[in-house]
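Reviewing the structure listed below.
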Amino acid sequence: DTAVSQTPKYLVTQMGNDKSIKCEQNLGHDTMYWYKQDSKKFLKIMFSYNNKELIINETVPNRFSPKSPDKAHLNLHINSLELGDSAVYFCASTQREADTQYFGPGTRLTVL
Amino acid sequence: RKEVEQDPGPFNVPEGATVAFNCTYSNSASQSFFWYRQDCRKEPKLLMSVYSSGNEDGRFTAQLNRASQYISLLIRDSKLSDSATYLCVVRLTSGTYKYIFGTGTRLKVLA
């Protein structure tokens, strides 16, 4: 059983398009995250939701819009994709009071 | 200055060697500390949490010095399978439980 899953695993698209990435966790966690890992391998937090409430919103262009329909799901919609959006996007989850964060396998986004 | 700083490496060591990684953090609101491991083109996975008293898990030993805001990871008897990027991570007490990742230290264990 996959604990944190993401779809799609690979996404290749043209500049200007709109795309979504989906994340689901079956661990019963109450907090989920989106991270971006760029070509220099730096993992940077973008957003976090706790019980469907947005609690972390880093300095991210407003072309990026997260949405959490329920505790087990966190999606990321990106409008008007740019070349600089090319990266690996990781979803993660944790139980807020606990320590361990579990990551999904990542979505490798390439914008042409 | 990055909130969590690590030497990017790469550290190239022979099998059986002992290697140490260091990490410094700048935010005094940091509450919890971890080492994660990330293999090429894979997701990060928790290697171990780091406690003030120091802790050991097999060949891996982690230390925390809160006064100096410094974390270390020691790997003894390196194996080829230890080759990966090691990420130093801190979690803040600000209420958002934000995790901040270092840029990672790349380790290559050579046969």
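Convention: sequence-line order gives letters A, B, ...; per-chain numbering from 1.
- Both the backbone and the side chain of Thr103(B) come within contact range of chain A, each with at least one heavy atom under 4.5 Å from a heavy atom of that chain.
- Ring orientation note: the planes of Trp35(B) and Phe21(B) are tilted relative to one another, at an angle of 30° to 60°.
- Heavy atoms of Tyr33(A) lying under 4.5 Å from chain B belong exclusively to its side chain.
- Heavy atoms of Gln101(A) lying under 4.5 Å from chain B belong to its backbone as well as its side chain.
- For a residue to count as touching a neighbouring chain, one of its non-hydrogen atoms must lie under 4.5 Å from one of that chain's; by this rule Tyr99(B) touches chain A with backbone and side chain alike.
- Between the side chains of Ser20(A) and His77(A), at least one donor N or O lies within less than 3.5 Å of an accepting N or O.
- Separation of atoms CD (Glu24(A)) and NE2 (His73(A)) is listed at 3.5 Å; rounding is to 0.5 Å.
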Report the C-alpha distance between Lys79(B) and Asp77(B) in whole Å, list the side-chain angles of each, state the deciding distance to 0.1 Å, and finish with yes or no for salt bridge (Lys or Arg N to Asp or Glu O under 4.0 Å). CA-CA 6 Å; Lys79(B) 311 290 185 194; Asp77(B) 189 23; 2.9 Å; yes

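- With rounding to the nearest 0.5 angstrom, the CG atom of Asp82(B) is 9.5 Å from the CD atom of Glu15(B).
- Residue contact with chain B, scored on non-hydrogen atoms closer than 4.5 Å, involves the side chain of Ile45(A) exclusively.
- Looking at Thr94(A), only its side chain comes within 4.5 Å of chain B, counting heavy atoms on both sides.
- In terms of heavy-atom pairs under 4.5 angstrom with chain A, the leader among Lys42(B), Lys45(B), Arg41(B) is Arg41(B).
- Of the two parts of Gln38(B), only the side chain, counted from C-beta on, holds a non-hydrogen atom closer than 4.5 Å to a non-hydrogen atom of chain A.
- Taking the ring centroids of Tyr35(A) and Phe103(A), they lie under the 6.0 Å cut-off.
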